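Right, one structure below, let's go through it.
All values derive from a computational prediction rather than experimental measurement.
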2 protein chains.
Amino acid sequence: MIQTNKAEYFNVALATGIVLFGFDLENLKIMLTRKKDDPYKGAWVIPSRYVKADESLEENIKILLLQTIEHEDVYLEQLNAFAKVYRNPIGRVVNIPFYGLMQLTEKEQKNAEKNGCKWINYHDIPPMAFDHNEIIDYAKERLKRRVKRRPVGFNSLPKEFTLTQLQTLYEQALNKTFDKRNFRKKIFNSELLVDTGKTTITPQGKESKLYRFDEEKYEKMSLKGYDFLF
Amino acid sequence: MIQTNKAEYFNVALATGIVLFGFDLENLKIMLTRKKDDPYKGAWVIPSRYVKADESLEENIKILLLQTIEHEDVYLEQLNAFAKVYRNPIGRVVNIPFYGLMQLTEKEQKNAEKNGCKWINYHDIPPMAFDHNEIIDYAKERLKRRVKRRPVGFNSLPKEFTLTQLQTLYEQALNKTFDKRNFRKKIFNSELLVDTGKTTITPQGKESKLYRFDEEKYEKMSLKGYDFLF
DNA sequence: GCAAAAGTGTTGGGGATACACCCATGG
DNA sequence: CCATGGGTGTATCCCCAACACTTTTGC
């Protein structure tokens, strides 16, 4: 590490951003907002926020979550820093975005709207300011890897859910379809699910069994990943 | 993005670091150096360097490579930013480390030594300054994932190599052993290798076949990953 | 009555693992 | 002559992919 006078290097700004994925049991969505001031006033962006010198990235992201969906109950992972020299016209701003995954209910839909954000379909992301399209593409790739290699439902489904809901989540994230029987076999083989014995009536009026995750098994799988692939 | 006066946020320093893995055909090693000035003067660190406001991360890493091994012929990937508030006593310094993978020859051994660096065994990393042990652990996990899911030999072996050398690389990185026949079967099934028809005499005096990678196939595999696991 | 969704088994193939011996060389 | 390392084949098992019909409900 080259030693030098502080002023020469302590002149970069740090920001976090959040690529927040929400699953409403039918579609995967991403929460976007519009920029409130220049540069790029009015353009689509992911929610972002400058980091103060004595603030951790996690604290900063939590504030972003409170300002948008109004709670912090989100699974988070840090993504690669985006640090190109001229990515922001006002100076050298490094954005360290996070990937977030959550269940999307009416509540978050309303809170987001109230706070000037919008949940937009995963497959229908508009052109955005800065390098935010790049950031979203990167986050989507991360989500795909996670879905393939680790269980993700715990963070994006209600406590009890149907197998069709789980399969829909996987199909949306990976943008392909699965054979129902094979999907269920794979899931059951992983011993990740517990039959609650209960049923629900789906929006289509069909009776459907409810399952929940085996939390202990889920934790183990989250760390190790699967030995098979979706 | 909250708008504000520039001085309030443009006060962070940015650094890159390199966790450089080298394979000398027998052992995996990591290049470390000792800190030349305070804080932590004399302590082990990974080679690191402040980023200037108009300098890209990649430019910065290239300079680090020239100052240590004296060439840039290294496979690089950016790792997660390390950004804890109090990780550096002189101020808020965010380190964006890179993972590097290369073949380690006599030349780099000598250059590193000349430039105050040392190649240390992968399994024998000393306590280090700042959070550099954490960074190395993170990079090791990345290497393990890469070895399991994508071909890595191209970046860490000579153009032509023996299957034992390739297997040793995998065994070192994953810290386990493989059955020779099964390892070869898996590699051949991937159709990644081409028999050069040549042989070499190993240091043990045995005649051994030389292989090289099928570059086209290798590129494809690097992007998609394997459908099987090591 | 018909369209849409929930639920359920079998078969075949391919890749992973486990496992042992021969031969050539250096010492 | 023996220790070391290069090279090779088979049998088993399990996971994966392909594939179709019944039942119930809403409309």
From [atom1] of [X] over to [atom2] of [N], roughly how many Å is that when rounded to an integer?
| X | N | atom1 | atom2 | answer |
| --- | --- | --- | --- | --- |
| A:Lys186 | D:dC14 | NZ | C1' | 14 Å |
| A:Arg184 | D:dC16 | CZ | P | 17 Å |
| A:Phe188 | D:dC15 | CZ | P | 16 Å |
| B:Asp195 | D:dG7 | CG | C1' | 13 Å |
| B:Asn189 | D:dT8 | CG | P | 14 Å |

Quick one: which residue pairs count as a salt bridge (Lys or Arg N to Asp or Glu O under 4.0 Å) with a foot in [range], not counting sequence neighbours?
| range | answer |
| --- | --- |
| residues 155-175 of chain A | A:Glu160-A:Lys198 |
| residues 129-149 of chain A | A:Glu77-A:Arg142, A:Glu77-A:Arg146, A:Lys84-A:Glu134, A:Arg87-A:Asp131, A:Glu141-A:Lys144 |
| residues 57-74 of chain B | B:Glu70-B:Lys114 |
| residues 207-230 of chain B | B:Glu191-B:Lys217 |

Result block: side-chain N/O donor-acceptor pairs under 3.5 angstrom for residues 18-29 of chain B, not counting sequence neighbours:
from, atom 1, to, atom 2, distance (Å)
B:Asp24, OD1, B:Glu26, N, 2.9
B:Asp24, OD1, B:Asn27, N, 2.6

Contacts of type side-chain contact (heavy atoms from CB on, under 4.5 Å), residue B:Asn155, not counting sequence neighbours |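 Here the qualifying residues are B:Tyr75, B:Leu101, B:Tyr218.
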
All side-chain contact (heavy atoms from CB on, under 4.5 Å) counterparts of A:Pro126, not counting sequence neighbours =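 If we apply the side-chain contact (heavy atoms from CB on, under 4.5 Å) test to A:Pro126, skipping adjacent residues, the hits are A:Leu32, A:Trp44, A:Ile120.
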
Heavy atoms under 4.0 Å is the rule here; annotate nucleotides 19-27 of chain D 5' to 3' with B where the base is hit, S where only the sugar-phosphate is, and - elsewhere.
-> BB---BBS-

A:His71: what forms a side chain to side chain donor-acceptor pair (under 3.5 Å) with it, not counting sequence neighbours?
->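 Side chain to side chain donor-acceptor pair (under 3.5 Å) list for A:His71, sorted by chain: A:Glu108.
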
For B:Asn175, check side chain to side chain donor-acceptor pair (under 3.5 Å) against everything at least two apart and list the hits.
->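 Side chain to side chain donor-acceptor pair (under 3.5 Å) check on B:Asn175 returns nothing, list empty.
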
Can you list, by residue number, the residues of residues 156-176 of chain B that have a non-hydrogen atom closer than 4.0 angstrom to DNA chain D?
->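 Correct list: B:Thr164.
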
Heavy atoms of chain A, cut-off under 4.0 Å: which first and last nucleotide of DNA chain C, 5' to 3', fall inside that, if you could look?
->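 Footprint of chain A along DNA chain C, 5' to 3': C:dA4 to C:dT10.
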
Nearest heavy-atom neighbours spanning A:Gln172 and A:Tyr122 =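 It is O-CE2, 3.4 Å.
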
Strictly by modelled atom types, are B:Lys185 and B:Asn182 linked by a side-chain donor-acceptor pair under 3.5 Å?
->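 Checked: B:Lys185/B:Asn182 side chains pair up, N/O donor to acceptor below 3.5 Å.
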
